[in-house]
Amino acid sequence: MIIMQLLLVHSHGFDWKVTDKAIKKPESSQDVKMSYSTLESTLVVFISVETNDIPDISNVLAKSCTEIISALKDIGESNLILYPWVHLAKTQPAKPDAALSTLKKIETTLRSKSAELNIVRAPFGYYKSFNLNCKGHALAERSKEILGQSGKVSSEKTAEVTKALTAEQTARSTFHILSVDGKLAPFDKFNYKGQKEFELFVKYETAKDRTVSTPPLHVNVMKNLELVDYEDGSDPGNFRILPRGYIVKRLIEDHVNNMAAQYGAMIVETPLMYSYDHESLKKYLERFPARQYVVQSGNKNYFLRFAACFGQFLTMSDAIISYRQLPLKIFEMAKSFRREQRGELAGLRRLRAFTMPDLHTAISDITMAKKEFDEQFRLAYQYMQDIEVNIETAFRMTTEFFDENKEWVISLIKLLKKPILLELFEIRYAYFILKFEFNVVDTQKKAAALSTVQIDVENSERFDIKYTDSSGKEIYPLLTHCSLSGSTERVIYGIIEEQIKRSQKGSKPQFPLWLSPAQVRILPVSEDYLDFTNTIAEELEQNDIRVEIDDRDLSLGKKIRAAEKLWTPIIIVVGEKELKEGKVSVRYRFNNSQEFQALEEVVEFIQSQTQDKPTYFRVFPKLVSHQPIFSRVV
RNA sequence: GCCGCUGUGGCUUAGUUGGUAGAGCGACAGAUUUGUAAUCUGUUGGUCGUGGGUUCAAGUCCCACCAGCGGCUCCA
């Protein structure tokens, strides 16, 4: 968040004169000079303040004073004029009394820091005429934006935030390995033999072992496959999705949408931006460090949502809910924004703008919570199977919850057929008492969470979500947060990284067939067979198969190469032989085989591999000669 | 955000101690009409991430900024 703007000008003399009141209650004329004039060289600092309540005030004061003092030092100046100038503000200016008190604080801080300075402050809240005569040397003009470290929180609440954060930092947790047979072992005493990725995952989570230095490998792949690319014209961490990537993204999302709908969720769409002033949101924001994008509308500030919780909780809070309607499920495919620190961004693993499926459930009690958690856990697991990535699992909960529900937890993880990382907390520092995550381990040996489900015991009260029980009493329900797949972008990252690992072991990397941008590419041996090629393409398309035709005037070898470079799962070659016999030559990527078979067999194969999965159109030209090159190699 | 590394045509890249950029792929034109991972010839295209500075002269040195990556921190 912006706290204040400084414009520093080294001037030959300076003068001002008050002409009129600019606000109802300007600063008292007893306190400051109504006019002033000097011929001596001086540094004029124009200041606007843009927030009413400055978090961590001493830090901000130190920052701005350091700026001013270093500017004075750079130009060898000891005369200083502080000049309130609201017109510098880029966002909503602070209220007058808040701004004035900040200015005064800067003045006193500067005086205390250096006795030699000759400081004059111009009066606040007046229209003034002034004369400025900029010296024009390299250091004569500079401007500085002072940014806050923490959220848009009021000063008396800063303490509360700090407390929450400190609790999080000092919360004691212990790590264990829980096996499907119910055996519990300390994470550092466990035998990881045959569990290479699990070991890497545990290391990453516990020791934070991050000694690798190679860049993430999925980045090159996502470009070469023309799925996603960087966008220089945007803020870092905001990517451009290309047509082939759109298909993948769309299908990933459609699949989650379908799952959620079948699970019985109501699907909604809620706003992207929310007011800082809303009571419930204020309380929620206090828990978290400021990582928001701020959007100005008129003279009000809004933050872009960093999760879909707000919209759905506010919707639930306005609904009249009876115990008969529980569990109440609301789902949304939501674009969210988190202004992560620059150094934290990494390809599609960590972005600033991403798309998350978010499912919230209101439930009456812990029994119902466990039942829904169980179902969502299974759905998420199914999803991980469908995108064909290997996952490592973590459960995190309070020690109390584990002690009471140990058998139930063990029954859940039987599904996974492998051990999990178990993190136990002495005290609940966050809003949840239980959560699990499915993680992928990438080629850099880093882990990233995809699916997660959490049981939330705090937010129904915070957002005033209530249901009426059988006796007519209003009750705050428990809530679950569930992301079945994790963010779409991260799913793409997970699939690509998984396939790179596969290729490192000697197999060809490939997308799950239902997710391949083009499922079939047909290569006519020469242009004489284009008509035949078109017939085949049409038949495939009638079966909802995405087909493209490489009609370019290239050697067959080169067309094969081009198709392989795009990880095309099925390549069909047609020429004289195929035309005569009415069959096609098919090259299957998954097992590196070459078959001569009837087209129906190809269709049947694809259908057998993609049943129960969503389908989508090819959203780029059918003819390769009509496809522009965005970032692919051939 | 802090620290470090990197940044040459759409892509991959060469460029010695500073002397006004070489190539392959692609694209385009022509030839070729091709049977399972790169057909041949030619043409086009860069002022070297951006902005300053030092110098007779900078891709090559200095400063600032931007972007990517790595580390720290963080991951609601």
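From a predicted model like this one, the values you see are computed outputs, not experimental measurements. Per chain, numbering begins at 1; letters A, B, ... match sequence-line order. In what follows, every heavy atom counts, from backbone to side chain, and hydrogens, waters and symmetry copies are set aside.
Stem list for RNA chain B (at least 3 consecutive Watson-Crick or G-U pairs, distances under 3.5 Å): B:1-7 with B:66-72, B:10-13 with B:22-25, B:27-31 with B:39-43, B:49-53 with B:61-65.
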Review item, nucleotides 26-33 of chain B N/O atoms under 3.5 Å of protein N/O:
unit_1, atom_1, unit_2, atom_2, d
B/rG26, OP1, A/Lys558, NZ, 2.3
B/rU32, N3, A/Asp553, OD2, 3.0
B/rU32, O4, A/Asp553, OD2, 2.3

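The ring pair (Phe, Tyr, Trp, His ring centres under 6.0 Å) with A/His481 is formed by just one residue from the set A/Tyr431, A/Phe331, A/Phe432; it is A/Tyr431.
No N or O donor and acceptor, one from the side chain of A/Arg305 and one from the base of B/rA76, sit under 3.5 Å apart.
Using a 4.0 Å cut-off between charged side-chain N and carboxylate O, A/Glu279 and A/Lys282 make a salt bridge.
Under 4.0 angstrom from either OP1 or OP2 of B/rG70 there lies at least one side-chain N or O belonging to A/Gln444. Residue A/Tyr588 has no polar side-chain atom (N or O) positioned under 4.0 Å from OP1 or OP2 of B/rU36. Distances shown here put every side-chain N or O of A/Lys577 at or beyond 4.0 Å from the OP1 or OP2 atom of B/rU36.
Residue-level contact check: A/Glu578 touches the bases, meaning some heavy atom is under 4.0 Å from a base atom. Heavy atoms of A/Gly557 sit under 4.0 angstrom from primed sugar atoms or phosphate atoms, though from no base atom.
Of the listed nucleotides (B/rA37, B/rG35, B/rG68), B/rG68 has the atom at the smallest distance from the side chain of A/Pro236.
The salt bridge (Lys or Arg N to Asp or Glu O under 4.0 Å) analysis of residues 342-362 of chain A, with sequence neighbours excluded, yields the pairs A/Asp235-A/Arg352, A/Arg291-A/Glu344, A/Glu340-A/Arg350, A/Glu344-A/Arg350, A/Arg349-A/Asp442.
Residues satisfying the side chain to side chain donor-acceptor pair (under 3.5 Å) criterion with A/Gln519, sequence neighbours excluded, are absent altogether.
A heavy atom lying under 4.0 Å from RNA chain B marks the following residues of residues 335-353 of chain A, by number: A/Arg338, A/Gln341, A/Arg342, A/Gly343, A/Glu344, A/Leu345, A/Ala346, A/Gly347, A/Arg350.
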Using distance only, find each side-chain donor-acceptor pair of residues 573-581 of chain A under 3.5 Å and give its atom names and separation, not counting sequence neighbours.
unit_1, atom_1, unit_2, atom_2, d
A/Glu576, OE1, A/Tyr529, OH, 2.9
A/Glu578, OE1, A/Gly575, N, 2.8
A/Glu578, OE2, A/Ser585, OG, 2.5

